[in-house]
Each structure stands twice: as C-alpha cells, then as structure tokens.
Amino acid sequence: MQVDVLNAKELKKAAPVFGQLSFDNHEQVVFCNDKDTGLKAIIGIHNTVLGPALGGTRMWNYTSEWEALNDVLRLSRGMTFKSAITGLNLGGGKAVLIGDSKTQKTPELMRRFGEFVHSLSGKYITAEDVGMETEDMDTIREVTPYVTGISEAKGGAGNPSPVTAYGVFMGMKAAAKFKFGDDSLEDKSVLVQGIGHVGETLVEHLAQEGAKVFISDINEDRLQEISKKYGAVIFEGPDIYSADVDIYAPCALGATIDDETIERLQAKIIAGAANNQLADEVSHGKILQEKGIVYAPDFLINAGGIINVYAELENYDRKEILRKTENIYNTTLQILETAKKRDLTTHFAALEIANQRIEARKKQNLK
C-alpha cells in the first residue's frame, strides 16, 4: 500500500506545533486517534502550576487539522488564565474532537475519548463545550472519573451554560458601570451574536432587565424561537459589526474581532461569552483602547462555567457557585479601572493579574 507523505515544502508551517503562535509554552499536546469509532481528537494541556488542567471538550467540523490544532491551543491557553484570574486552583486545558456533533457523535466515540482522557491520570479533566451535552459527560464518566459537568442526577453540577451566561451578564453590568456610570442595562441596546445554550440564557437575563435585545445566529429556526420566547429583535442589517448598539456580545466562536471587523465596530462595549474574541490580543486590544471601546476580557467574564464544574471537585453548593460567579462583577470593574489608570489594554491588565498568581504559585512550589 502506498502512503503519501508530505515533503517540507508542502507543509503549511515549518514548525506545526511548537511554531504556532498559540503554542505559548504548552506543557503537553496529545493527539488521539481511533479507527473503529472514527475518533480524531486533540487535547491541549497548557499549564498545571495551579492544579490539574480543566477545560471543556469541543466537537466541531473543522475545515482542517491546522484549524483544530490552533483552536485547541488558543482555548487551553485561555483556560489557564481563566482559572488563575478567578482564583481557582486549576490549570488550563482543552480538547477538540474533529467531526460533526449532529451526525458523527456516538456513545462509543465518547467512551473511547474518555479512555484517552483517563490515560492522562488526572492531569487533564474534561467538561462540556460546544457540540457537547451533559449526557455526553455522563457517558465519558462511565470510563473515567476525570470529567466534570455531569448531570445532577449522577451527583454533578449539571449543565454549566446558565452559570456561564450569568457571569457574562455580571461582567457586562460592570462594563456598563465603568462606561456609563450606571450598571443598569435597562433600555441599553445589546446585540447577542450566537444564541446557543449560553446565548439564550444571556438573552433571558437581558430581557428581564429591560434591555433592547437584538439577536444574530446562523440558525434561522433558532432565531425565530428565541425572538418569540423573549421578545428579542432579529438583527437583519447587512453587517452586525457596524450596528449602532451600546453593547456587542459575541457568544459564538472566537476571533470575531479581527483586522476587518474592528474598524467597523460602533458598539461602546464588547462583553460576550465567546472564547478568544480578539484575533490578535495585542494589536486588536490596543485598537479598541484607542477607539474608546470598553472590552470586558472574555476569559474573565465567561468563567462562570468553570466555577460551576469546579464545584464538583471542591464540593461547594449552588449558593457558593453563584457567589463566586457574581464576584466577576467586582473583578471586571477592578480590571477596567486598573487598565485606565495605568494606560493598559483591558486584556493585558487581566492577563497580568492571572500571570502574577501563576508566578507566585510557581515560586511557592519551588520552596
């Protein structure tokens, strides 16, 4: 049998893993393959200084393995900072499964993935993310204890999406307080891009507060359903980025703030649930600062989900989950004020706090 091997000239990048900008000193990257179930997965473990790497598993029909690799590296790195800035004793990790979650996901595939997770002996703990459901975590739990976000019926904390949305809502209110002098979102116009589990709950919170909610999603049926349910207006303009709204809330996939979209942004605040919203953290963070657009760092305000699943490891109750999530408001306000005082981008200000905690623990571990 002939095997096709790419030569060096055909490779897209000279250094496919270590050379990725998103690699950023990952401790471990695990490629998982199983012919029988069709499993193709990548687990990224970025940093375990503060504790085991915890992060969800995403199943997505990536256009290429390059795209999947870059996604898992960016996501796992973000989880490191998310746990650090939230004060959790966890490191950063993430997993991606390459495939269509609607047609290719099977219990057998989930169990096989769980076996790969188990082989890491607790260095990585998985959870729910895009393309996954609580019942998938229950299936993984059949073969490994290194999974969180299992159903409440099985002793877990359940679906983390509502808590994620609540944290985003708290961060959004803090950003409004900073920008407008009042944290009330009543009559504020908010465009929510992506109305999955998290996006829908965010829309619910906003509607209850009296905000003028606009929604955008690739699923037309979903748009009609959420519009009728919460009275949200379906955005029908040609370009969501140039929409004249107070707040833009990206709640789908990341990197929507890129070289093209950032120049068209009219929103006064960016506060959403998506991970890695800035395609380039440095340059795009700086442009937002110069434009006077308040950016609530994504890895801070979308931390409600990891707070929720962390409860399974630390055995704290629902009341404590909500208390920790509500504190996102205070941390967001602190970071926005620090960034203004020191003339920093809000992303850098948040990153600095997260890195300080990691470095302090690293020094402590060396003693």
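Computed over heavy atoms, backbone and side chain alike; hydrogens, waters and symmetry mates excluded.
- Tyr248 and Thr256 share a donor-acceptor pair across their side chains, judged by distance under 3.5 Å alone.
- Salt bridge annotation for Lys362-Glu359: present, with a cationic side-chain nitrogen under 4.0 angstrom from a carboxylate oxygen.
- The side-chain tip of Lys324 points at the ring of Tyr316 from less than 6.0 angstrom away and within 45° of straight on.
- Across Ile195 and Asp217, no two heavy atoms sit closer than the pair N-OD2, 2.9 Å.
- Donor-acceptor pairing under 3.5 Å is recorded for the side chains of Glu200 and Tyr230.
- Side-chain atoms of Thr134 and Glu128 include a donor-acceptor pair closer than 3.5 Å.
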task: Would you check, one step at a time, whether the test salt bridge (Lys or Arg N to Asp or Glu O under 4.0 Å) holds for Lys94 with Asp129?
output: CA-CA 9 Å; Lys94 206 80 172 183; Asp129 203 312; 2.6 Å; yes

Going by atom type alone, with no hydrogens or angles, which donor-acceptor pairs under 3.5 Å involve a side-chain atom of residues 154-165 and a protein atom two or more places apart or on another chain?
| unit_1 | atom_1 | unit_2 | atom_2 | d |
| --- | --- | --- | --- | --- |
| Asn159 | OD1 | Ser161 | N | 3.0 |
| Asn159 | OD1 | Ser161 | OG | 3.0 |
| Thr164 | OG1 | Pro160 | O | 3.2 |
| Thr164 | OG1 | Gly305 | N | 3.1 |

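- Using modelled atom types and a 3.5 Å distance limit, the side chains of Thr261 and Asp258 yield a donor-acceptor pair.
- Atom CD of Glu260 has 12 or fewer heavy atoms from other residues, nucleotides or ligands within 6.0 Å.
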- prompt: When you look at Arg77 and Asp24, which way does the salt bridge (Lys or Arg N to Asp or Glu O under 4.0 Å) test go after all the steps?
  reply: CA-CA 8 Å; Arg77 176 178 177 268; Asp24 191 32; 2.7 Å; yes

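- Side chain of Asn355 to main chain of Glu352: no donor-acceptor pair is present (N/O by atom type, distance under 3.5 Å, no hydrogens or angles).
- Looking at heavy atoms from C-beta onward, Tyr295 lies out of side-chain contact with His284 at the 4.5 angstrom threshold.
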